[in-house]
Amino acid sequence: MKIEIFDDFDLKKIADSGQCFRFNEHGDGYEVTASSRHLFIKKSGEFEYELDCSPDEYENFWKNYFDLGLDYREIRGRIDKDEDDYLYRAAEFGKGIRILRQDPWEMLISFIISQRKNIPAIKASIEKLCAAVSRKIGTDSEGRAVYAFPTPEELAGLSDEKLASCSLGYRDKYVRQAALDVASGAVSLDKWGDASDEELMTGLLGLFGVGVKVANCEILFGYHRLDAFPKDVWINRVLELKYPNGFNFDKYAPYNGIMQQYLFYYSRNDGLI
DNA sequence: AGGCAGGTTCTTA
DNA sequence: TAAGAACCTGCC
């Protein structure tokens, strides 16, 4: 099916923004896998996109996944060039990035895996984990099997050998524990969705292998609380070099997380040169 | 070969 | 409570 999108929307920038690990350029479009769904999407006109899903699946899932209900152009417009020229340039550079509405469970495991790994290594580990469970949900544009992201139950029950084959290193015990916590019901990611920001943070920090940075990634990308501002090495460099007097978090609330994405993307590609 | 990559835990003072 | 070391693995 075809759709039209007039707001900020750039598939390449989203794929490279570091918020998603199963969103890859392939041929003339992008293969996107989320939980137990797979999509091939490509740009087919100035504002037109072609998706290999039904209108029903688009309306019920992918439209929300791409966060098409939020006006990113308007939020970007709140940046004052005169007040913060660096952020303005970062936002111009990153125009088209959106914060996807991804699954809390998938994000939790993905960002636990991310610690002290580079992005290709994170992607490789996640694909190995999905392949280790091997619940096939479809095929990609070249006919290769696509596997679902494992459920908590599937990960909790995965053999030690298979888990060890995913190049998780010391993170394997974090992943296993998170799976056991959620599968047993000791932790309810759904209930956390209704918790206050503070309660959510406290709950996440109680998980084995989850510190402040991973927790903030989970809050921003898994729970779509757009004011969360994860500080990784890149953002810390930006804050240190470009904001010696502090970043104006008050001005951009409740959308500091979107600003974080612009700063992150810019710093990794061009902005710190 | 040694250092480092989207950090967190464990140990020590 | 706060630094500093240790941690798996892959890649340069």
Side-chain angles (χ1 to χ4, degrees), chain A residues 12-24 90 93-94 97-100 102-132 149 155 158-182 187 200-226 228-243 247 256-272:
Chain A
K12 180 171 178 52
K13 291 180 189 175
I14 293 170
D16 292 340
S17 65
Q19 63 176 303
C20 48
F21 304 104
R22 306 190 77 196
F23 193 129
N24 300 302
F93 188 82
I97 295 174
R98 310 178 73 80
I99 311 251
L100 303 172
Q102 302 186 79
D103 177 66
W105 163 248
E106 180 167 346
M107 289 299 96
L108 177 63
I109 296 303
S110 296
F111 282 99
I112 285 176
I113 291 172
S114 78
Q115 60 190 257
R116 274 191 79 84
K117 271 181 179 286
N118 56 34
I119 290 177
I122 300 165
K123 288 184 173 184
S125 276
I126 291 173
E127 285 312 318
K128 285 181 190 175
L129 201 57
C130 296
F149 193 87
L155 275 196
L158 193 63
S159 70
D160 289 336
E161 290 80 3
K162 286 192 173 179
L163 192 61
S165 74
C166 300
S167 305
L168 299 178
Y170 61 87
R171 307 162 194 80
D172 60 357
K173 54 188 181 295
Y174 303 155
V175 168
R176 175 76 84 189
Q177 190 58 52
L180 291 169
D181 287 345
V182 176
V187 164
L200 177 56
M201 176 59 85
T202 303
L204 288 168
L205 292 178
L207 298 175
F208 188 40
V210 176
V212 173
K213 190 273 177 180
V214 169
N216 273 116
C217 285
E218 170 71 347
I219 292 169
L220 179 58
F221 303 124
Y223 286 96
H224 206 76
R225 298 196 186 188
L226 298 181
F229 193 93
K231 292 178 183 173
D232 50 46
V233 292
W234 292 94
I235 288 294
N236 282 330
R237 283 174 201 157
V238 170
L239 293 178
E240 202 173 303
L241 293 173
K242 306 294 180 180
Y243 294 93
F247 182 77
N256 281 298
I258 295 175
M259 304 306 153
Q260 190 270 9
Q261 282 289 279
Y262 293 142
L263 293 172
F264 177 77
Y265 183 77
Y266 191 43
S267 69
R268 283 191 50 116
N269 291 288
D270 203 19
L272 287 182

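This structure is a prediction, so every number in the text was calculated from the model and none was measured.
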If you look at every heavy atom in A/K123 and A/F21, which pair is closest and at what distance?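 Looking at all heavy atoms of both residues, the shortest contact is CG-O, 3.4 Å.
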Checklist entry - Is a side-chain donor or acceptor of A/K162 paired with a backbone partner of A/L129 at a separation under 3.5 angstrom? => result no
From [atom1] of [X] over to [atom2] of [N], roughly how many Å is that when rounded to an integer?
X: A/D172; N: B/dT9; atom1: CG; atom2: C1'; answer: 14 Å
X: A/I122; N: C/dT9; atom1: CD1; atom2: C1'; answer: 13 Å
X: A/Y174; N: C/dC7; atom1: OH; atom2: C1'; answer: 7 Å
X: A/I112; N: C/dC7; atom1: CD1; atom2: C1'; answer: 16 Å
X: A/N216; N: B/dT8; atom1: CG; atom2: P; answer: 9 Å
X: A/K128; N: C/dT9; atom1: NZ; atom2: P; answer: 10 Å
X: A/D232; N: B/dT8; atom1: CG; atom2: C1'; answer: 15 Å
X: A/I113; N: C/dC8; atom1: CD1; atom2: P; answer: 16 Å

Under the rule of Watson-Crick or G-U wobble with both distances under 3.5 Å, where | means paired to another strand and [ ] a crossing pair, DNA chain B maps to .||||.|||||||
CG (A/L241) and OG (A/S267) are apart, to the nearest 0.5 Å, by 10.0 Å
Interatomic distance, CD@A/E218 vs CE@A/M107, rounded to 0.5 Å, equals 8.0 Å
Answer with base, sugar-phosphate or nothing: what part of the nucleic acid does [X] contact at a heavy-atom distance below 4.0 Å?
X: A/L207; result: sugar-phosphate
X: A/G211; result: sugar-phosphate
X: A/S17; result: base
X: A/K123; result: nothing

Next on the checklist: Suppose we screen for salt bridge (Lys or Arg N to Asp or Glu O under 4.0 Å). Which residues come up paired with A/R268, at least two apart in sequence or across chains?
Outcome noted: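 Salt bridge (Lys or Arg N to Asp or Glu O under 4.0 Å) check on A/R268 returns nothing, list empty.
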Of A/K117 and A/F208, the one whose closest nucleotide on DNA chain B sits nearer the 5' end is A/K117
>> On DNA chain B, compare the nucleotides closest to A/V210 and A/F21; which residue's is nearer the 5' end?
In response: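 Between the two, 5'-proximity favours A/F21.
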(message) Tell me every residue that passes side chain to side chain contact (heavy atoms under 4.5 Å, CB included) with A/D232, counting only those two or more places apart in sequence or in another chain.
(response)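 By the side chain to side chain contact (heavy atoms under 4.5 Å, CB included) rule, A/D232 matches A/K213, A/W234, A/I235, A/Q260, A/F264.
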Short side-chain N/O contact from A/S167 to OP1 or OP2 of C/dT9, under 4.0 Å:
no
* B/dG7 phosphate, OP1 or OP2, under 4.0 Å from A/K231 side-chain N/O ->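 Indeed not, no polar side-chain atom of A/K231 lies that close.
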Checklist entry - Does atom NZ of A/K173 have more than 12 heavy-atom neighbours from other groups under 6.0 Å away? => result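 Yes, because the 6.0 Å sphere around NZ of A/K173 holds more than 12 heavy atoms from other groups.
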Choosing from [options], which nucleotide comes nearest the side chain of [X]?
X: A/R237; options: C/dC8, B/dA5, B/dT9; value: B/dA5
X: A/K213; options: C/dG10, C/dC8, B/dT8; value: B/dT8
X: A/Q115; options: C/dC8, B/dT9, B/dT8; value: B/dT8
X: A/V214; options: C/dG10, B/dT8, C/dC8; value: B/dT8

*P-based separation of C/dC8 from B/dA1 [nearest Å]*: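 That atom pair is separated by 23 Å.
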Test item: A/Y243 and A/L263 side chains (from C-beta on) under 4.5 Å apart, heavy atoms:
yes
B/dG7 base to A/Y170 side chain: any donor-acceptor pair below 3.5 Å? yes
